[in-house]
Amino acid sequence: MTTLVTGGAGYIGSHTAKELARRGRKVVVLDNLSTGHRDFVRWGAFEEGDLADSVFLDRVFEKHGIDEVVHFAGFIAVGESVEKPDIYYRNNVSHTFTLLDAMVRHGVERIVFSSSASVYGEPETERLAEEHPLNPISPYAWSKRIIEQVLADYGTAYGLRSVSLRYFNAAGADPDAEVGERHRPETHLIPLVLEAAAGRRDCIKVFGTDYPTPDGTCLRDYIHVADLADAHVRALDHLADGRPSDVFNLGNGNGFSVREIIEVVREVTGLDVPVQEAPRRAGDTPALVSSPEKAGRVLGWHPQFEDVRSVVASAWNWHRRDWA
Ligand SMILES: NC(=O)c1ccc[n+]([C@@H]2O[C@H](COP(=O)([O-])OP(=O)(O)OC[C@H]3O[C@@H](n4cnc5c(N)ncnc54)[C@H](O)[C@@H]3O)[C@@H](O)[C@H]2O)c1
């Protein structure tokens, strides 16, 4: 089985490429290295190029005999998407059409898509299940919502089968520390707090300390990147077994506050973390926590890194190597 991994030089894509290779699939990474890293491509063949280039896509599909696709490629910063909706819709929506049309041309019928918990918008329930209404509030979240719909429509029209995976906060690094999280600029909490602990930034800013949560700071659901990688392989197997298109949350079902994460970083690193309290940021919801039961029931997926300490410890282990 040959799997095309778009965005496989990025954070979640590289971990998934490793897991796919470990479970015996042939991996082909397609990435334009706009935010990805050449040294993250260690499992499988590498095709450097852009999703927007249909001639390049035709060449890749023909050369490697692609059977299935995992589609990570895209831009990921919610705030930036508000400032530059054009580049987000173009890269995340238009260029996905180019990929889907190439799949149709080459008779490839199975795709797993990186969606996001941001499609839910403002939570109406304490934990978010897949049936929660979809109310995206940023161009980034809209780009995910739109592609979920496009996949359903391509299913009806062209027989494409898809699994959309709505990740909560991806975190942690490969337990062997062969690959990890390296976003530039970094916007995710755990690597930012680790940078503050290591003295690579002055402090960690805590935006909002008066939310209606136990300690006043925002609650998020952190899911280990190795658990995400495992879910992608299960989703591909689900489609390869002839099962229908579906949508799943990927989270661990527990919320951790910003203050709790800072405390865990202090424990794991043994270092002090300078903190600066700041006003709330526009668009931040007090709590975003998944109900991940459906993925357990249908895909047999159960997160292995439920303890947030193990998530932070794997990230710390990787960052120390990467910084060195
Ligand atoms: N990191 C998270 O917490 C999170 C949460 C929800 C959803 N997601 C989604 O998961 C996916 C992967 O996220 P990530 O954190 O690994 O991001 P990342 O930036 O590390 O990886 C994205 C990769 O896509 C590549 N890419 C972007 N546009 C491309 C194009 N036009 N052609 C070819 N390659 C292109 C980049 O070079 C990069 O390697 C994204 O679709 C993101 O929206 C991530």
Side-chain angles (χ1 to χ4, degrees), residues 4-18 28-42 46-54 56-57 60 69-81 87-99 102 111-120 128 136 138-148 164-174 179-192 220-229 231-232 235 247-252 288 290 311 315:
L4 179 67
V5 182
T6 78
Y11 172 42
I12 308 169
S14 57
H15 289 78
T16 303
K18 178 176 178 178
V28 179
V29 168
L30 182 161
D31 202 297
N32 65 2
L33 301 183
S34 54
T35 61
H37 310 283
R38 182 62 185 87
D39 62 308
F40 280 13
V41 186
R42 302 176 52 174
F46 181 42
E47 293 287 355
E48 183 174 347
D50 201 291
L51 270 189
D53 182 347
S54 61
F56 166 65
L57 291 184
V60 170
V69 176
V70 196
H71 179 36
F72 295 99
F75 292 145
I76 67 162
V78 175
E80 187 185 50
S81 80
I87 71 161
Y88 273 72
Y89 283 120
R90 195 166 298 119
N91 203 31
N92 293 7
V93 178
S94 304
H95 297 350
T96 297
F97 274 104
T98 312
L99 172 68
I111 181 168
V112 174
F113 170 59
S114 297
S115 186
S116 154
S118 64
V119 296
Y120 295 117
L128 293 155
S138 67
Y140 170 76
W142 269 110
S143 75
K144 299 295 181 186
R145 171 75 191 97
I146 290 168
I147 295 303
E148 285 193 8
S164 293
L165 297 174
R166 295 176 181 157
Y167 320 151
F168 283 67
N169 288 51
D174 172 34
V179 68
E181 183 166 16
R182 197 197 288 147
H183 289 125
R184 294 198 178 117
E186 189 53 77
T187 56
H188 294 148
L189 182 67
I190 291 176
L192 290 175
R220 294 291 179 270
D221 178 328
Y222 296 91
I223 180 71
H224 198 286
V225 66
D227 284 324
L228 291 180
H232 286 77
V247 175
F248 301 100
N249 281 341
L250 297 180
N252 72 28
L288 264 183
S290 69
V311 176

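Bear in mind that the values here come from a model prediction, so they are computed numbers and not experimental data. Read the numbers this way: they start at 1 and go in the same order the structure lists the ligands and their atoms.
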(message) Show the atoms of ligand 1 that are less than 4.0 angstrom away from any heavy atom in I76.
(response) 13 (O), 15 (O), 17 (O), 40 (C), 42 (C), 43 (O)
(request) Looking only at protein heavy atoms, identify the closest one to atom 20 (O) of ligand 1 and say how far it is in Å. (result) Y11 N, 2.9 Å
(message) Only heavy atoms of S114, strictly under 4.0 Å: list the atoms of ligand 1 that pass.
(response) 9 (C), 10 (O), 11 (C), 41 (O)
(message) With a cutoff of 4.0 Å, is H188 in contact with ligand 1, counting heavy atoms of the residue only?
(response) yes
(request) Examine the proximity of ligand 1 to S118 and report which part, side chain or backbone, both or neither, has a heavy atom under 4.0 Å away. (result) neither
(request) Pull out every atom of ligand 1 sitting under 4.0 Å from any heavy atom of L33, numbered as shown with elements. (result) 37 (O)
(message) Quick check against the 3.5 Å criterion: does H224 have a side-chain atom that pairs as donor or acceptor with the backbone of A173?
(response) yes
(message) Test your reading of the model: is there a side-chain donor-acceptor pair from H37 to the backbone of L33, 3.5 Å cut-off?
(response) no
(message) So, regarding H95 and ligand 1 (criterion: nitrogen or oxygen to nitrogen or oxygen, under 3.5 Å), is there a contact or not?
(response) no
(message) Side chains of E80 and Y140: any donor to acceptor distance under 3.5 Å?
(response) no
(request) Report yes or no: does S14 have a heavy atom closer than 4.0 Å to ligand 1? (result) no
(message) Geometry only, no angles: is L30 polar-contacting ligand 1 at N/O separations under 3.5 Å?
(response) no
(message) Any heavy-atom pair between the side chains of V29 and E47 that's under 4.5 Å?
(response) no
(request) Say whether F75, considering both its backbone and side-chain N or O atoms, lies within less than 3.5 Å of an N or O atom on ligand 1. (result) no
(request) Examine ligand 1 and decide if any of its atoms is less than 4.0 Å from a heavy atom belonging to K144. (result) yes
(message) I want to know if ligand 1 touches N169 in the polar sense, i.e. an N/O pair below 3.5 angstrom.
(response) no
(message) Test your reading of the model: is there a side-chain donor-acceptor pair from D50 to the backbone of D53, 3.5 Å cut-off?
(response) no
(message) Any non-hydrogen side-chain atom of V311 less than 4.5 Å from a side-chain atom of I190?
(response) yes
(request) Flag G36 as yes when one of its N or O atoms lies below 3.5 Å from any N or O atom of ligand 1, and as no otherwise. (result) yes
(request) Could you tell me whether a side-chain N or O of N249 sits under 3.5 Å from a main-chain N or O of G251, the two making a donor and an acceptor? (result) no
(request) Compare all side-chain heavy atoms of L250 with those of D227 and state whether any distance is below 4.5 angstrom. (result) no
(message) Restricting to side chain to side chain donor-acceptor pair (under 3.5 Å), what partner residues turn up for R42, sequence neighbours left out?
(response) E178
(message) Tell me whether G13 has any N or O atom under 3.5 angstrom from an N or O of ligand 1.
(response) no
(message) Measuring from atom 23 (C) of ligand 1, which candidate in G7, G49, S115, A141 has the nearest non-hydrogen atom?
(response) G7
(message) Test your reading of the model: is there a side-chain donor-acceptor pair from S14 to the backbone of Y11, 3.5 Å cut-off?
(response) yes
(message) Could you identify the single nearest non-hydrogen protein atom to atom 28 (N) of ligand 1 and state the distance to 0.1 Å?
(response) N91 ND2, 3.0 Å
(request) Report the nearest protein non-hydrogen atom to atom 15 (O) of ligand 1: residue, atom name, distance rounded to 0.1 Å. (result) H183 NE2, 3.0 Å
(request) Indicate yes or no: does an N/O atom of D31 lie under 3.5 Å from an N/O atom of ligand 1? (result) yes
(message) With a heavy-atom distance limit of 4.0 Å, tell me whether H37 approaches ligand 1 through its side chain, its backbone, both, or neither.
(response) neither
(request) Taking only heavy atoms of D50 into account, list the atoms of ligand 1 that are under 4.0 Å away from them. (result) 30 (C), 31 (N), 32 (N)
(request) Identify, for atom 38 (C) of ligand 1, the protein heavy atom at the shortest distance, and state residue, atom and that distance. (result) T35 OG1, 3.1 Å
(request) Could you tell me whether some N/O pair between A170 and ligand 1 is separated by less than 3.5 angstrom? (result) yes
(request) Provide, to 0.1 Å, the distance between atom 16 (O) of ligand 1 and the closest protein heavy atom, together with that atom's residue and name. (result) I12 N, 2.8 Å
(request) Within a distance under 4.0 Å of any heavy atom of A9, pick out the atoms of ligand 1 and give their elements. (result) 39 (O)
(message) Between E148 and S164, do the side chains contain a donor N or O and an acceptor N or O under 3.5 Å apart?
(response) no
(message) Students should be able to answer this: which protein heavy-atom is nearest to atom 43 (O) of ligand 1, and at what distance?
(response) Y140 OH, 2.6 Å
(request) For the pair H71 (side chain) and V112 (backbone), establish whether a donor and an acceptor sit closer than 3.5 Å, ignoring hydrogens and angles. (result) no
(message) Would A171 count as a contact residue for ligand 1, given that I'm defining contact as a non-hydrogen atom of the residue lying under 4.0 Å from a ligand atom?
(response) no
(request) State, without any angle test, whether S290 and D221 hold a side-chain donor-acceptor pair at a distance under 3.5 Å. (result) yes
(message) Treating H183 as the side-chain partner and H188 as the backbone partner, does any N or O pair qualify as donor plus acceptor under 3.5 Å?
(response) no
(request) Indicate whether any N or O donor in one side chain lies under 3.5 Å from an N or O acceptor in the other, for S114 and Y167. (result) yes
(request) Report yes if the side chains of L51 and N32 come closer than 4.5 Å at any heavy-atom pair, otherwise no. (result) no
(message) Checking T6 against D31 for the side-chain contact (heavy atoms from CB on, under 4.5 Å) test, could you report, in this order, the C-alpha distance in whole Å, the side-chain angles of both residues, the deciding distance, and whether it holds?
(response) CA-CA 6 Å; T6 78; D31 202 297; over 6 Å; no
(request) Measure F40 to ligand 1 on non-hydrogen atoms and call it side chain, backbone, both or neither using the 4.0 Å cut-off. (result) neither
(request) Identify, for atom 12 (C) of ligand 1, the protein heavy atom at the shortest distance, and state residue, atom and that distance. (result) F72 O, 3.7 Å
(message) Starting from atom 30 (C) of ligand 1, what is the nearest protein heavy atom, named by residue and atom, and what distance separates them?
(response) N32 ND2, 3.2 Å
(request) Pick, from S81, A73, S143, the option with the minimum heavy-atom distance to atom 24 (O) of ligand 1. (result) A73
(message) Could you check whether any side-chain N or O of N91 sits under 3.5 Å from a backbone N or O of G74, counting only pairs where one atom can act as donor and the other as acceptor?
(response) no
(message) Tell me whether S34 has any N or O atom under 3.5 angstrom from an N or O of ligand 1.
(response) yes
